[in-house]
2 protein chains.
Amino acid sequence: MKRVTIKDLSKFLSLSTSTISRALLNDKNIHPETQKRVLQAAERLGYKPNSTALNLKYGKSKNIGLVVPEMITPFSSKVLRGIQNILDPLGYRVIITQSDENPLIERKNLKLLEEFNVDGIIINLCHESFNEEVYRELINHELPMVFFDRIPGKSLNVSKVIVDDQIKASLVVEHLINTGRKRIAHIMGPLTIRNVTERANGYKRILEKYDISDPDLIIQTDGMTFEHGRRAVQELLNKKIPFDSIFAFSDTLAIGAMNYLHEQHIKIPQEVAIASFSGTELATIVHPQLTTVQQPLEKMGETAAQLVVEKINNKLSPEQTIVMDTELIYRASTLSE
Amino acid sequence: MKRVTIKDLSKFLSLSTSTISRALLNDKNIHPETQKRVLQAAERLGYKPNSTALNLKYGKSKNIGLVVPEMITPFSSKVLRGIQNILDPLGYRVIITQSDENPLIERKNLKLLEEFNVDGIIINLCHESFNEEVYRELINHELPMVFFDRIPGKSLNVSKVIVDDQIKASLVVEHLINTGRKRIAHIMGPLTIRNVTERANGYKRILEKYDISDPDLIIQTDGMTFEHGRRAVQELLNKKIPFDSIFAFSDTLAIGAMNYLHEQHIKIPQEVAIASFSGTELATIVHPQLTTVQQPLEKMGETAAQLVVEKINNKLSPEQTIVMDTELIYRASTLSE
DNA sequence: ATGAAAGCGCTAACAA
DNA sequence: TTGTTAGCGCTTTCAT
């Protein structure tokens, strides 16, 4: 069953293709009667505009590329949802690529998206500097780019959507202190991610303020999986470093840690309280539920999408950094019953 | 920075566009010397083929639509990964749409994908019959479709990728019996999903075989979220129906149930053992880890992708139903230490 | 109000 | 071996 084109309609109605096009586009230069006939015929023959032809005509692909480190946790999914809220009604399609936390794959993805003629890129990067030159190149090619969550270093002038990492990290740690914790460990992610440093700074600031800091309490991981969280807390225990609570960079790391604690029959929160950053259901499907800084992921996606669209429609629109509000949510993992 | 086209190269080298095209395509009818010059110029000017033009030319979009009920659990993400393994190297882009378990949204998504000229659709449906007419229509339009996981009723002759639901459900239940359980509850999903019935049949078969069935033990949910699982077990407890184990349709339902049990301080697996179907990390990030039927999700995605590609390349290739092998994995949620 | 024709970037007959 | 031309489906000047 071949697709019906304007040409088919033109033959069918013995009208020129331009007239058909005008009728379809609601042009003023069209007789109402003619338009009615065209519309009816279009309906009857099942005419569907060919978006490829339009894209060629207008020099756009109506594709937006999304680059994320992974899609295994619901983090990226929720952001995607927000992105689609904005982009779907505008007729954009979203092409998703996963970097697997590997900057080389990320680079390949970016190149691929450029090949694919995407009109813009929304990216959550996996290394704050490794691909800086690639980002710069794409931007020079006038490809609109918006970064969210994990953003590149200051030297790149781009639009970003982030959260108030440091402040909220401080608040979390302060909450642990307020609930009587004194030996607060921190499970960091890799240093190649800007938020990792930000959140760690928030943590350090408070521990120093209360004069309870101890470098032994900071465990640096070289990855972001459940397994990394697990190994971090294992390390603390093996080194016999006493601790009564954990602030983890992400819910993934936190949950990994929780699991190991469970296996060791260490009670949460009685013996060890635990808190982290999240924004997904992950925080509520574990037991006990995790105290977290709730990031407005869907809203972040929407905001990022709005920024790309803005940039696509107006190449001169200025770069913006939008800091989203987060909410600290207290749950059972830090509250004794 | 405007994109460099073949025309630009043609001017730059004083050659016809067709010669340029030939050089780029490695045509035999081209002087090696000329080809070298073209390739060098292309490299120097940064030429990138315009995929939109190609798609128009060849009447393809090189887009494949993916329709899934949700992306919040890692289920769809893992399948997507498999799909991309196959499709990325072939130059296909994957457009993702989420139905939110709502057949009306699913229908809208399908219509949208058709508008978008996708070359094929891979779908995990959310109601086994509601949109049957839409599927049929798309198939009549010669749009290649492959169903996976949740498939439509028998009356539709389409390619499918599924697992051996009934058999494996039986094995799970038999495992529960072998570990001494006698009052085995079943948390079903909605009856509008074929696998739900399949797995329930497997469950019933075994309970009848051992003559321990009891209709009270079957809880029918009207959704698939954590919350539904939670409420199902709540219902069992409220009705004071005694049970010593649960077989849940999915890990999502199982985890929801686990959480409620935890809150009621009911010990898993000592007081209640629990098992389900999965294939994602969800089963291992909860405590205790869940005994599940591990579905090869990535492989399922790959298989589905291969089937669409096959169908795209040859409209006449026959419909196939591929049953993937699953593995029953015993974990702490059914094994007392 | 309608039609003819050009053009978006590319490929593939057909000529030369 | 290279060039000319038409055409994929659509919109948009420019004529009529």
Side-chain angles (χ1 to χ4, degrees), chain A residues 1-39 41-42 45-63 91 114-119 141-142 312, chain B residues 1-39 41-42 45-63 91 114-119 141-142 312:
Chain A
M1 194 183 270
K2 274 290 277 94
R3 270 186 90 95
V4 180
T5 71
I6 277 196
K7 225 184 204 166
D8 297 323
L9 292 177
S10 135
K11 276 189 201 126
F12 184 72
L13 295 169
S14 308
L15 285 168
S16 76
T17 57
S18 28
T19 303
I20 308 287
S21 172
R22 285 191 193 98
L24 263 15
L25 295 179
N26 241 313
D27 193 290
K28 52 241 96 217
N29 295 315
I30 185 96
H31 193 94
E33 189 55 38
T34 316
Q35 178 165 35
K36 217 178 96 188
R37 284 177 57 220
V38 172
L39 262 29
L45 304 194
Y47 169 79
K48 298 246 169 58
N50 182 325
S51 52
T52 311
L54 290 174
N55 294 340
L56 178 58
K57 180 79 187 158
Y58 294 126
K60 314 232 153 224
S61 71
K62 280 284 183 176
N63 284 157
E114 197 188 11
E115 297 280 297
F116 276 172
N117 280 301
V118 294
D119 296 337
H141 289 6
E142 294 196 343
I312 289 170
Chain B
M1 196 184 271
K2 273 293 274 87
R3 270 186 88 94
V4 179
T5 73
I6 277 196
K7 226 185 203 163
D8 297 322
L9 292 177
S10 134
K11 277 191 200 123
F12 182 73
L13 296 169
S14 310
L15 285 169
S16 77
T17 57
S18 32
T19 303
I20 307 290
S21 172
R22 285 191 194 100
L24 263 16
L25 294 179
N26 240 315
D27 193 291
K28 52 239 97 215
N29 294 317
I30 185 93
H31 195 93
E33 189 55 37
T34 316
Q35 177 165 35
K36 216 177 98 192
R37 283 177 58 219
V38 173
L39 262 29
L45 304 194
Y47 169 80
K48 299 247 168 56
N50 182 326
S51 52
T52 311
L54 289 174
N55 293 340
L56 177 59
K57 178 80 186 162
Y58 293 126
K60 314 233 152 224
S61 70
K62 279 285 182 174
N63 285 156
E114 196 187 12
E115 297 280 298
F116 277 171
N117 280 301
V118 293
D119 295 338
H141 290 7
E142 293 196 344
I312 289 171

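Residue numbers begin at 1 in each chain, while the letters A, B, ... track the order of the sequences.
When each of B/N63, B/N55, B/T52, B/N117 is checked for a side-chain hydrogen bond (donor to acceptor under 3.5 Å, both in side chains) with A/S51, only B/N117 meets the rule.
Summarising the geometry, the separation between CD1 on A/I6 and P on D/dG7 is reported as 18 Å, rounded to the nearest angstrom. Separating the CG atom of A/L13 from the C1' atom of C/dT2 is a distance of 14 Å, rounded to the nearest angstrom. A straight line from NZ of B/K57 to P of D/dC10 spans 16 Å, rounded to a whole angstrom. In this structure, the CG atom of B/L15 is 16 Å from the C1' atom of C/dT11, given to the nearest Å. Rounded to whole Å, the distance from CG on B/L25 to C1' on D/dT2 is 15 Å. Look at CG on B/D8: it is 13 Å from C1' on C/dC10, rounded to the nearest Å. Between A/L56 atom CG and C/dA6 atom C1' the separation is 14 Å, expressed in whole Å. To the nearest angstrom, P of C/dG3 lies 8 Å from CD1 of A/I20.
No donor-acceptor distance shorter than 3.5 angstrom exists from the side chain of A/D119 to the backbone of A/K60, with no hydrogens or angles considered. Panel note: side chain A/T17, backbone A/K7; no donor-acceptor pair is recorded below 3.5 Å.
Of the listed nucleotides (D/dC8, D/dG9, C/dA5), C/dA5 has the atom at the smallest distance from the side chain of A/T17.
For A/R22 against D/dT13, a side-chain N or O and a base N or O form a donor-acceptor pair under 3.5 Å. Residue side chain A/S18 reaches the base of C/dA4 through a donor-acceptor N/O pair under 3.5 Å, judged by distance alone.
OP1 or OP2 of C/dG3 has at least one side-chain nitrogen or oxygen of A/T19 nearer than 4.0 Å. One finds a side-chain N or O of A/K7 lying less than 4.0 angstrom from the OP1 or OP2 phosphate oxygen of D/dC8. In this model, the phosphate group of C/dT11 is approached by a side-chain N or O of B/S21 to a distance below 4.0 Å at OP1 or OP2. Applying the 4.0 Å criterion to OP1 and OP2 of C/dG9, one finds that A/Y58 has every side-chain N and O outside that range.
Projected onto DNA chain C by closest heavy-atom contact, B/D27 and A/Q35 fall at different nucleotides, the more 5' of which corresponds to A/Q35. Position along DNA chain D of the nearest nucleotide to B/N29 versus B/A53 favours B/N29 as the more 5'-ward residue.
At a cut-off of 3.5 Å, with distance as the only test, no side-chain donor of A/S18 or A/S21 sits close to an acceptor on the other residue.
Here the OG1-OH distance, from B/T5 to B/Y47, works out to 7.5 Å after rounding to the nearest 0.5 Å.
Counting any heavy atom pair closer than 4.0 Å across all strands shown, B/T34 reaches sugar-phosphate atoms only and no base atom. Heavy atoms of A/N50 sit under 4.0 angstrom from primed sugar atoms or phosphate atoms, though from no base atom. Within the nucleic acid shown, A/K28 comes within 4.0 Å of sugar-phosphate atoms alone, with no base atom in reach, counting heavy atoms only.
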